[in-house]
Amino acid sequence: MDGFVNTDSRAINWSRALKQDLKKGRRIAFDAGNIVPSLYRPFHKQWLYFDRRLNEMVYRMPRIFPHAEAKNRVIQVSGTGAGAGFSALMTDAVPNFDTIEKGQCFPLYLYEQAGPEGGLLSGGETETGHDLTRREAIADAGLAPFRAAYPGRDIGKEDLFYYIYGLLHAPDYRTRFGNNLAKALPRIPPVKRFEDFAAFRDAGRALGDLHVNFGSVEPFAVTFREGDHRLITEARTDPVAFYRVRKMKFGGKGREKDRTTVIYNEHIVITDIPPEAWDYIVNGRPALEWVMQRQAVKTDKASGIVNDANDFANETMGDPRYPLDLFRRVITVSLETVKIVNTLPPLDID
């Protein structure tokens with residue numbers, strides 16, 4: 001087989017399963033409906049052609065995001081053996097396996113083929129235009145211990161979902177169970193007081209909304225050094241060229257990094273970045289550094305494909321300022337995340 005196919009990685013990556021499909025004469029046809037938004041790295045979305053025949057090891061992801069319009073949220077946590085430390089990040093798009101290192105995903109909903117009236121898979125919320133039933137992913141058995149812990153309180157599965165997200169961000173939780181989190185998936189205990197449960201739940205919901213909607217939060221009001229009047233005129237006449245980013249760099253000289261300053265491009269320097277904006281760490285590095293890494297122009301060595309953040313900004317977002325404003329938005333996300341985490345109650349469990 002290897003002697004028959006074209007193994008040039010600039011043409012196609014021949015996986016074991018794809019070679020088996022070729023042996024069996026199976027044809028694969030392009031389907032525009034398989035183009036879906038994906039969270040490739042923290043706070044970086046890009047397009048994904050999502051097809052079980054071409055994406056290996058999809059696990060249960062087709063039940064979580066079965067099509068481009070499917071509404072869902074997932075909590076992705078670090079998998080066992082992750083070297084970057086424990087992280088959790090919520091998204092509403094298909095995540096990459098290493099958006100969070102060796103990531104494991106826990107969804108709010110699961111989608112299944114709709115069953116007949118009164119059948120095993122009936123009774124859920126049926127989607128219009130899709131023969132699917134959406135149901136809550138948390139099992140009744142998972143909710144039961146929390147209802148038992150707070151008798152007389154109306155706790156639903158969505159409440160528990162956001163409680164989990166809040167708890168996973170608690171410094172007390174990460175410190176107390178740090179050794180366990182390095183070797184196994186998180187275990188979720190009920191806190192003693194319902195008031196603390198409510199605090200973790202509300203914080204988890206606020207964090208989830210912030211992290212899922214990072215592309216629409218208010219950009220932080222930094223200071224710009226934009227050059228002379230000629231450059232400002234250029235921004236108005238040719239914004240695509242003016243806002244084009246190749247690689248953001250820290251200010252400072254030599255190895256001395258000035259994190260209050262980021263050189264966006266030859267025209268724009270971002271200044272007065274709050275130092276605490278770098279305190280929000282996700283998947284081993286500050287969230288802002290993920291933006292700096294991904295909002296750039298890079299060429300993949302194996303395939304020769306050029307990953308250009310400016311193409312996504314201009315063609316998908318319709319805004320050449322998108323990389324610049326994304327950086328400012330993630331400053332807001334980082335500051336608000338740190339603020340919410342600092343208000344979490346102490347971890348009080350049996």
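Note that these values count all heavy atoms, side chains included, but never hydrogens, waters or copies made by symmetry.
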Novice: Sub-3.5 Å donor-acceptor pair from the side chain of T271 to the main-chain atoms of T223, do we have one?
Specialist: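 Yes; judged by distance alone, with no hydrogens or angles, the pair exists.
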
Novice: Work out which heavy atom in K102 is nearest to a heavy atom in G81; give both atom names and the distance.
Specialist: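 Between these two residues, the closest heavy atoms are CE-O, 3.7 Å.
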
Novice: Please indicate whether D31 has more than 12 foreign heavy atoms, meaning atoms of other residues, nucleotides or ligands, lying under 6.0 Å from its CG.
Specialist: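 Count over threshold, so yes.
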
Novice: In sequence, state the C-alpha distance, the side-chain angles, and the governing distance for T80 and K183, and then conclude on side chain to side chain contact (heavy atoms under 4.5 Å, CB included).
Specialist: CA-CA 5 Å; T80 55; K183 297 178 289 187; 5.9 Å; no

Novice: Considering only NZ, NE, NH1 and NH2 on the basic side and carboxylate oxygens on the acidic side, decide whether R329 and E218 come within less than 4.0 Å.
Specialist: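 A salt bridge is absent here (no side-chain N lies under 4.0 Å from a carboxylate O).
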
Novice: Tell me whether the count of non-hydrogen atoms from other residues, nucleotides or ligands lying under 6.0 Å of NZ in K339 goes above 12.
Specialist: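 No, because the 6.0 Å sphere around NZ of K339 holds 12 heavy atoms or fewer from other groups.
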
Novice: So if I apply the side chain to side chain donor-acceptor pair (under 3.5 Å) rule between R244 and each of N314, D308, D238, which one comes out positive?
Specialist: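 Between R244 and the candidates, side chain to side chain donor-acceptor pair (under 3.5 Å) is satisfied uniquely by D308.
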
Novice: Determine, using the 4.5 Å side-chain heavy-atom cutoff (strictly less than), whether L108 and I188 are members of one ILVMFWY cluster.
Specialist: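 Same cluster.
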
Novice: Are I331 and I281 grouped together when hydrophobic residues (ILVMFWY) are joined by side-chain heavy atoms under 4.5 angstrom apart?
Specialist: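 Different clusters: I331 never reaches I281 through Ile, Leu, Val, Met, Phe, Trp or Tyr contacts under 4.5 Å.
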
Novice: Among side-chain atoms of S303 and D300, is any donor-acceptor pair under 3.5 angstrom?
Specialist: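 Looking only at side-chain atoms, D300 and S303 do form a donor-acceptor pair, the distance falling under 3.5 Å.
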
Novice: Any donor-acceptor pair under 3.5 Å linking the side chain of S334 with the backbone of V330?
Specialist: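 Yes; judged by distance alone, with no hydrogens or angles, the pair exists.
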
Novice: With under 30° as parallel and over 60° as perpendicular, where do the rings of F43 and Y280 fit, or are they tilted in between?
Specialist: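 Ring orientation of F43 relative to Y280: perpendicular.
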
Novice: Can we say D92 and K45 salt-bridge, meaning some charged N sits less than 4.0 Å from an Asp/Glu carboxylate O?
Specialist: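 Salt bridge present between D92 and K45.
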
Novice: Establish, yes or no, whether a centroid distance under 6.0 Å links the rings of F177 and F86.
Specialist: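 Distance test on ring centres: not under 6.0 Å, no.
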
Novice: Ion pair present between R205 and E158, side-chain N to carboxylate O less than 4.0 angstrom?
Specialist: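 Result for this pair is yes, salt bridge flagged.
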
Novice: As a quick check of understanding, evaluate salt bridge (charged side-chain N to carboxylate O under 4.0 Å, His left out) for D196 and R193, giving each step before the final call.
Specialist: CA-CA 5 Å; D196 288 347; R193 301 180 338 123; 3.3 Å; yes

Novice: Is R321 salt-bridged to D325, cutoff N-O under 4.0 Å?
Specialist: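 Between D325 and R321 there is a salt bridge, with a charged N closer than 4.0 Å to a carboxylate O.
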
Novice: Under 4.5 Å between side-chain heavy atoms, counting indirect links through other Ile/Leu/Val/Met/Phe/Trp/Tyr residues: same cluster for I75 and L110 or not?
Specialist: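 Different clusters.
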
Novice: What about the rings of F214 and W290, do their centers lie closer together than 6.0 Å?
Specialist: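 No, too far apart.
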
Novice: Can F97 be reached from F106 by stepping across I, L, V, M, F, W or Y side chains whose heavy atoms are under 4.5 Å apart?
Specialist: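 In one cluster with F106: F97, no.
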
Novice: Tell me whether the rings of Y165 and H211 are parallel (<30°), tilted (30 to 60°) or perpendicular (>60°).
Specialist: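 Y165 vs H211 ring planes: perpendicular.
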
Novice: According to a 4.5 Å side-chain heavy-atom criterion applied to Ile, Leu, Val, Met, Phe, Trp and Tyr, with indirect links allowed, do I155 and V191 form part of one hydrophobic cluster?
Specialist: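 Yes; V191 is reachable from I155 via cluster members.
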
Novice: Does NZ in K19 sit with more than 12 non-hydrogen atoms of other residues, nucleotides or ligands closer than 6.0 Å?
Specialist: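 Counting other residues, nucleotides and ligands, NZ of K19 exceeds 12 neighbours.
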
Novice: For R73 and Y162, which I'm curious about, is there any donor-acceptor pair between the side chains at under 3.5 Å?
Specialist: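 The criterion, which ignores hydrogens and geometry beyond distance, is satisfied for Y162 and R73.
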
Novice: Is the backbone of G156 close enough, under 3.5 Å, to the side chain of D159 for a donor and an acceptor to pair up by distance?
Specialist: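 Between the backbone of G156 and the side chain of D159 there is a qualifying donor-acceptor contact (under 3.5 Å).
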
Novice: Does the side chain of T261 pick up a donor-acceptor pair with the side chain of D258 at under 3.5 Å?
Specialist: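 Yes, a side-chain donor-acceptor pair sits under 3.5 Å.
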
Novice: Between H44 and Q295, do the side chains contain a donor N or O and an acceptor N or O under 3.5 Å apart?
Specialist: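 Per modelled atom types, Q295 and H44 side chains form a pair under 3.5 Å.
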
Novice: Within the 3.5 Å criterion, strictly below it, is a donor on Y111 or H67 matched to an acceptor on the partner's side chain?
Specialist: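 Absent: no donor and acceptor within the cut-off.
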
Novice: Are H267 and F224 an aromatic pair by the rule of ring centers under 6.0 Å?
Specialist: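 Not under 6.0 Å, so no.
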
Novice: More than 12 foreign heavy atoms under 6.0 Å from CZ of R53: is that the case here?
Specialist: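 Atom CZ in R53 is crowded, with more than 12 foreign heavy atoms closer than 6.0 Å.
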
Novice: Tell me whether I305 at atom CD1 has more than 12 heavy atoms from other residues, nucleotides or ligands lying less than 6.0 Å away.
Specialist: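 No, not enclosed.
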
Novice: Whether the side chain of T260 engages the backbone of I273 through a donor-acceptor N/O pair (distance < 3.5 Å, no angle test) should be reported.
Specialist: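 Answer holds: no.
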
Novice: CD of E256: more than 12 outside heavy atoms within 6.0 angstrom?
Specialist: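 Incorrect, the count does not exceed 12.
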
Novice: We want to know whether W47 and T316 form a side-chain donor-acceptor pair, criterion being a heavy-atom distance below 3.5 angstrom.
Specialist: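 Short answer, yes.
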
Novice: Is it true that atom CZ of F4 has more than 12 heavy atoms of other residues, nucleotides or ligands lying nearer than 6.0 Å?
Specialist: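 Count not over threshold, so no.
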
Novice: Is the distance from the ring center of F146 to that of Y163 below 6.0 Å?
Specialist: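 Centroid separation for F146 and Y163: below 6.0 Å.
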
